[in-house]
Amino acid sequence: MTRVYVTRCLPEDSARLLQKDGINVVMRSTDDAIPRQELLDNIPGCDALICMLTDKVDKDVLDAAGKHDTKLNHLTSPSLKVIATVSVGFDHIDLDECKKRNIVVSNTPRVSTDAVAELTVALLLATSRRLMECANAVKNGDWKSWGLLWMCGTELRGSTVGIFGLGRIGIAIATRLQCFGVKQFYYTDIVEVPQVEIEDLLKSCDFIIINCALTPETAGLFNEKAFAKMKNNCVLVNAARGGVINQKDLYQALVSGAIKGAGLDVTDPEPMAKDDPLLTLNNCVVLPHIGSNTMETRTEMASLAVNNVLAVLDGKPLLTPVPR
Ligand SMILES: NC(=O)c1ccc[n+]([C@@H]2O[C@H](COP(=O)([O-])OP(=O)(O)OC[C@H]3O[C@@H](n4cnc5c(N)ncnc54)[C@H](O)[C@@H]3O)[C@@H](O)[C@H]2O)c1
């Protein structure tokens, strides 16, 4: 029997794809992050792991995959062949350790691009037009009368928008923003696209949207030095990974007025602590990592992860291997 372990309850349509002769599926029944010990306890003897971005798959987990299974009371072989993460980002998986063990890894690119781009535009507008602050003012009884200058925000029309990381999602965001009358777009990427240096992007843009992967090069890149170069009216939006921004420096930049506002769909750590200073600021909008949260997209992502696993178990190559 081939054993597939799934760290969260998948949508019904995706889970059904796994119902095949010869496959023993162990799927958790809940939608909370699997406790680490539970993952370590369940990984021994598995042929495939379907995981989420909240599951750190490091050397210890991979070692455990091939260790003695005390419950079954026999030595399981290092049988793990494939890890399919239900996410675009794969910074939670130690790819080098996987390579050493011949374990192939897939992610779920493309299927979430539109949903994330849509959410990023919504977050940008919520931040630049101060939507949360306004809605709270109504709830709190602070809406005294129509105000000529009350709760004024900034608009996209005639602005310069910087896209940091012009990949799938970056392109989809730029495409959507075109109809808002943006004057010009600046792009920064590490691949060959018409682009500007990061310095020019920082100093010239009214809006900067981060869409790059979290890598050693991008970790903490948006820090005090970067904020000092940005325009005071700049609105920064991050729907990529929290680790790209130094959040302590961001807090200072928002308080001092070095930049105008920030919209974050991702934070470091996640979830953000309830008493995080950023949550005290009106010019910071924080969402709980909901970029791809539509039922349609989540089902497509889960089904793609399942199909990656089925392909490997069938001796075929991955449909969407992580880029190396
Ligand atoms: N908020 C969410 O729910 C959500 C959902 C999906 C993806 N994401 C994040 O968004 C990221 C982008 O997704 P995508 O599908 O567009 O991926 P992608 O690989 O198509 O695009 C990422 C781009 O970043 C560029 N890049 C990498 N390092 C860079 C650097 N040092 N400087 C500038 N550019 C750099 C890459 O060249 C690439 O073009 C993912 O890595 C993931 O972390 C978040």
Side-chain angles (χ1 to χ4, degrees), residues 8 33 51-56 84-93 95 105-124 126-127 162-177 185-202 205 208-223 226 236-246 262-272 285-302 304-305 320-324:
R8 290 201 195 209
C51 67
M52 313 291 143
L53 54 83
T54 42
D55 311 331
K56 199 170 171 56
T85 180
V86 185
S87 62
V88 180
F90 46 86
D91 44 278
H92 54 294
I93 302 174
L95 295 184
V105 181
S106 68
N107 64 342
T108 56
R110 289 182 286 280
V111 288
S112 64
T113 298
D114 290 330
V116 181
E118 197 172 283
L119 185 279
T120 309
V121 172
L123 178 57
L124 185 153
T127 311
I163 308 273
F164 186 80
L166 189 67
R168 291 173 293 257
I169 296 172
I171 290 171
I173 293 168
T175 307
R176 281 159 177 76
L177 289 184
F185 288 96
Y186 277 16
Y187 310 112
T188 301
D189 203 293
I190 46 171
V191 293
E192 290 298 312
V193 287
Q195 56 177 301
V196 295
E197 293 299 324
I198 182 169
E199 306 293 315
D200 292 327
L201 180 129
L202 293 175
C205 291
I208 295 178
I209 309 169
I210 302 173
N211 311 290
C212 62
L214 176 62
T215 64
E217 292 73 39
T218 60
L221 197 69
F222 283 78
N223 56 15
L236 177 69
V237 176
N238 183 13
R241 282 291 179 270
V244 179
I245 292 182
N246 179 319
L264 312 176
D265 181 44
V266 286
T267 61
D268 182 20
E270 290 184 1
M272 177 176 261
V285 176
V286 184
L287 299 178
H289 200 148
I290 52 162
S292 61
N293 289 38
T294 66
M295 221 32 230
E296 301 90 315
T297 291
R298 283 295 159 85
T299 304
E300 276 188 79
M301 288 168 72
L304 180 53
T320 49
V322 296
R324 302 283 330 235

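In each ligand, atom 1 is the first atom listed, and ligand 1 is the first ligand listed. Because only heavy atoms are used, hydrogens play no part in the values below, and waters and symmetry mates are left out as well, while side chains stay in.
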What residue and atom, counting heavy atoms only, is the protein's closest point to [atom], and at what distance?
atom	value
atom 28 (N) of ligand 1	Ile190 CD1, 3.5 Å
atom 19 (O) of ligand 1	Arg168 NH2, 3.7 Å
atom 37 (O) of ligand 1	Asp189 OD1, 2.5 Å
atom 5 (C) of ligand 1	Val116 CG2, 3.3 Å
atom 42 (C) of ligand 1	Arg241 NH1, 3.8 Å
atom 22 (C) of ligand 1	Asn211 O, 3.6 Å
atom 32 (N) of ligand 1	Phe164 CZ, 3.4 Å
atom 4 (C) of ligand 1	Ala239 O, 3.7 Å

Just by distance, do the side chain of [X] and the backbone of [Y] share a donor-acceptor pair under 3.5 Å?
X	Y	answer
Thr85	Asn107	no
Asp114	Ala117	no
Asp189	Leu166	yes
Asn211	Ile169	no

Have a look at ligand 1 and work out which part of [X], if any, has a heavy atom under 4.0 Å from it: side chain, backbone, both or neither.
X	answer
Leu166	backbone
His289	side chain
Ile169	both
Thr113	neither

Could you list which atoms of ligand 1 come closer than 4.0 Å to a heavy atom of [X]?
X	result
Ser292	3 (O)
Cys212	11 (C), 24 (O), 26 (N), 35 (C)
Gly291	1 (N), 2 (C), 3 (O)

Fill in: Under the side chain to side chain donor-acceptor pair (under 3.5 Å) test, residues paired with Arg110 that sit two or more places apart
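If we apply the side chain to side chain donor-acceptor pair (under 3.5 Å) test to Arg110, skipping adjacent residues, there are no hits.
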
So for [X], does at least one of its heavy atoms come nearer than 4.0 angstrom to any atom of ligand 1?
X	result
Thr215	no
Pro109	no
Thr218	yes

Worksheet, complete the sentence: Heavy-atom proximity to atom 9 (C) of ligand 1 ranks first, among Ala240, Pro288, Ala213, for Ala240

Fill in: Audit row: Leu221, Ile210, side-chain contact (heavy atoms from CB on, under 4.5 Å) steps and yes/no
CA-CA 11 Å; Leu221 197 69; Ile210 302 173; over 6 Å; no

Item to complete: With sequence neighbours left out, write down each residue that passes ring pair (Phe, Tyr, Trp, His ring centres under 6.0 Å) with Phe222, or none if nothing qualifies.
Response: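 Phe222 satisfies ring pair (Phe, Tyr, Trp, His ring centres under 6.0 Å) with Phe164 only.
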
Worksheet item: Thr188 and Glu197: side-chain contact (heavy atoms from CB on, under 4.5 Å), yes or no, with the steps?
Response: CA-CA 6 Å; Thr188 301; Glu197 293 299 324; over 6 Å; no

Discussion item. We want to know whether Arg241 and Thr218 form a side-chain donor-acceptor pair, criterion being a heavy-atom distance below 3.5 angstrom.
Written reply: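 Absent: no donor and acceptor within the cut-off.
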
